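A short write-up of the structure that comes next.
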Protein chains: 2
Amino acid sequence: MTADRWTDVRRRLRSRGLRWTPQRRIVLEVLDDLDGHVTGAELVESCRAVDPATTPSTVYRTLDVLEELGIVAHSHGREGREEYHVRPAANHGHLRCTACGTTWDLSEPEVRGLAAGLFGRRRFEVALEHLTVEGRCAACRIVDA
Amino acid sequence: MTADRWTDVRRRLRSRGLRWTPQRRIVLEVLDDLDGHVTGAELVESCRAVDPATTPSTVYRTLDVLEELGIVAHSHGREGREEYHVRPAANHGHLRCTACGTTWDLSEPEVRGLAAGLFGRRRFEVALEHLTVEGRCAACRIVDA
DNA sequence: ATTAATGCAAACGGTTTGCACTACT
DNA sequence: AGTAGTGCAAACCGTTTGCATTAAT
């Protein structure tokens with residue numbers, strides 16, 4: 001059990017000659033807390049709550065490097081904007097209700113049929129981490145009659 | 001067989017007290033020619049080829065009204081940008097190769113399994129017209145070894 | 001004649017960039 | 001000491017808005 005959740009990240013940065021800075025730590029911690037589905041602008045906002053001096057450029061640049069290292073990933077969010085999240089052990093897609101905006105994770109088994117079909121018929125390899133399925137959730141279907 | 005492909009659109013606009021203008025006609029014709037998957041900015045560009053006087057505001061406002069009438073629809077495109085297309089008779093999703101950018105239509109039967117599963121398990125109703133599945137196509141999978 | 005639609009120019013919001021300065025290593 | 005990273009301010013791009021003018025009905 002390590003004292004710091006991010007020691008591994010720090011090591012990966014260093015091994016590439018990159019650096020572990022307070023700003024990067026804040027971005028990563030905030031992003032992790034938010035538990036995914038956050039746009040760049042929202043992340044800037046949330047980071048300011050922790051450190052009011054947070055700058056957009058730093059946040060976006062941090063997202064870039066962390067994404068390059070595979071620590072952060074993005075998926076397609078509402079209004080066609082990118083949404084970032086700390087990359088989980090297993091890839092997953094997203095299910096979003098267009099009415100209430102709630103999102104759920106979509107696990108590999110749930111998409112296996114679709115992926116298998118597309119691969120079989122078209123030799124197309126689905127990128128689960130970029131899959132966002134939109135529609136209306138159970139609750140909203142009831143509300144809207 | 002009508003002389004003009006858009007007489008019906010014209011009628012639908014008029015019935016709501018809206019108007020059929022040369023600009024709207026250009027937007028619709030160009031959008032139809034481009035056969036879907038066009039961002040707003042690209043559409044402005046293409047319209048300028050037909051009429052150099054084309055203005056962004058007019059194009060975007062036209063997309064809004066035509067979408068409200070159900071004549072135009074948008075889906076999630078590359079870089080998380082919205083892509084517009086003239087709405088076809090049958091709803092369809094999209095399949096995009098992230099490597100070469102090519103997109104294919106995804107018909108209802110191809111997604112039926114996924115939709116049925118999500119509805120059965122989660123009572124979630126998939127909006128096919130907003131579904132974009134990303135991944136790598138057969139050709140790009142071969143190229144990348 | 002009425003009023004919807006246009007064109008312009010300006011504003012907007014999110015993101016990116018150049019550059020001098022700071023600070024991790 | 002060396003160089004990656006920061007912060008600022010300005011640029012950028014796609015999109016939206018207010019307003020006076022034009023034109024479809």
Side-chain angles (χ1 to χ4, degrees), chain A residues 4 6-7 9-28 30-31 37-48 50-69 71-72 74-84, chain B residues 4 6-7 9-28 30-31 37-48 50-69 71-72 74-84:
Chain A
D4 182 346
W6 310 116
T7 27
V9 173
R10 181 178 187 166
R11 197 164 48 242
R12 282 162 78 184
L13 282 166
R14 290 220 181 134
S15 73
R16 291 210 188 185
L18 305 177
R19 293 166 189 181
W20 182 238
T21 67
Q23 294 85 343
R24 286 183 176 173
R25 186 190 183 125
I26 289 171
V27 168
L28 205 40
V30 170
L31 189 56
H37 317 124
V38 196
T39 65
E42 283 164 355
L43 181 57
V44 170
E45 205 47 47
S46 300
C47 285
R48 284 212 223 264
V50 176
D51 173 9
T54 303
T55 300
S57 46
T58 297
V59 173
Y60 286 109
R61 283 191 278 230
T62 298
L63 286 172
D64 285 348
V65 299
L66 293 182
E67 190 155 18
E68 201 141 343
L69 290 194
I71 293 156
V72 158
H74 73 265
S75 55
H76 305 318
R78 63 217 114 111
E79 287 300 306
R81 213 148 257 148
E82 313 282 22
E83 288 181 347
Y84 296 86
Chain B
D4 182 347
W6 310 115
T7 28
V9 173
R10 183 178 187 167
R11 196 165 49 242
R12 281 161 77 183
L13 282 166
R14 290 221 182 134
S15 72
R16 291 212 188 184
L18 305 176
R19 294 165 189 181
W20 182 238
T21 69
Q23 295 85 344
R24 286 183 175 172
R25 185 189 184 128
I26 289 172
V27 168
L28 205 40
V30 169
L31 189 56
H37 320 123
V38 196
T39 65
E42 285 166 352
L43 182 55
V44 171
E45 205 47 47
S46 300
C47 284
R48 284 211 223 264
V50 176
D51 173 10
T54 303
T55 300
S57 47
T58 298
V59 172
Y60 286 109
R61 284 192 278 230
T62 297
L63 286 172
D64 285 349
V65 299
L66 293 182
E67 190 154 19
E68 200 141 342
L69 290 194
I71 294 157
V72 158
H74 73 266
S75 54
H76 306 319
R78 63 215 115 113
E79 288 301 307
R81 213 147 257 147
E82 313 281 23
E83 290 181 344
Y84 296 87

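Each chain gets a letter, A, B and so on, in the order the sequences are listed, and its residues count up from 1. The model shown is predicted, which means the values in this text are computed figures rather than measured ones.
The nearest whole Å value for the distance from the CH2 atom in B:W20 to the P atom in D:dT25 is 10 Å. Rounded to an integer number of Å, the gap from CD of B:E68 to P of C:dA4 is 14 Å. As rounded to whole Å, 14 Å separates atom C1' of C:dG14 from atom CG of A:D64. Across the protein-nucleic acid pair, B:R10 atom CZ and C:dA5 atom P stand 14 Å apart, rounded to whole Å. Distance, B:E82 CD to D:dT16 P: 9 Å, rounded to whole Å. Rounding to whole angstrom units, CZ of residue A:R12 and P of D:dA4 are separated by 20 Å. Atoms CZ (A:R25) and C1' (C:dA23) sit 17 Å apart, rounded to a whole Å. Taking atom CD1 of residue A:I26 and atom C1' of nucleotide D:dT6, one finds them 12 Å apart after rounding to whole Å.
Counting only heavy atoms from C-beta on, A:S57 has its side chain closest to C:dT17 among C:dT17, C:dC8, C:dC24. When the nucleotides D:dT25, C:dT6, C:dT16 are ranked by their closest atom to the side chain of B:R14, D:dT25 comes out on top. Which of C:dG7, D:dG7, C:dT25 sits closest to the side chain of A:Q23 comes down to D:dG7. Nearest nucleotide to the side chain of A:R61, out of C:dG7, D:dT25, C:dT17: C:dT17. Distance from the side chain of A:L18 is smallest to D:dG5 among C:dA9, D:dG5, C:dT6.
The two residues B:V44 and B:T54 come nearest to each other via the heavy atoms O-CG2, 4.4 Å. Considering all non-hydrogen atoms of both residues, B:L31 and B:L63 come closest at CD2-CD2, 4.1 Å. Across every non-hydrogen atom of A:L69 and A:R12, the tightest pair is O-NH2, 2.6 Å.
A close approach under 4.0 Å does occur between a side-chain nitrogen or oxygen of A:T58 and OP1 or OP2 of D:dG7. When the side-chain nitrogen and oxygen atoms of A:T62 are compared with OP1 and OP2 of D:dG5, none of them lie within a distance under 4.0 Å.
Each of B:E42 and B:R19 lies near DNA chain D, and the nucleotide nearest B:E42 is the one positioned closer to the 5' end. The residue among A:T54 and B:P22 whose nearest nucleotide of DNA chain D is located toward the 5' end is A:T54.
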Query - Test side-chain contact (heavy atoms from CB on, under 4.5 Å) applied to B:E83 and B:V38, step by step - result: CA-CA 5 Å; B:E83 290 181 344; B:V38 196; 5.8 Å; no

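Looking at A:C47 and A:L43, their side chains come closer than 4.5 Å, going by heavy atoms from C-beta outward.
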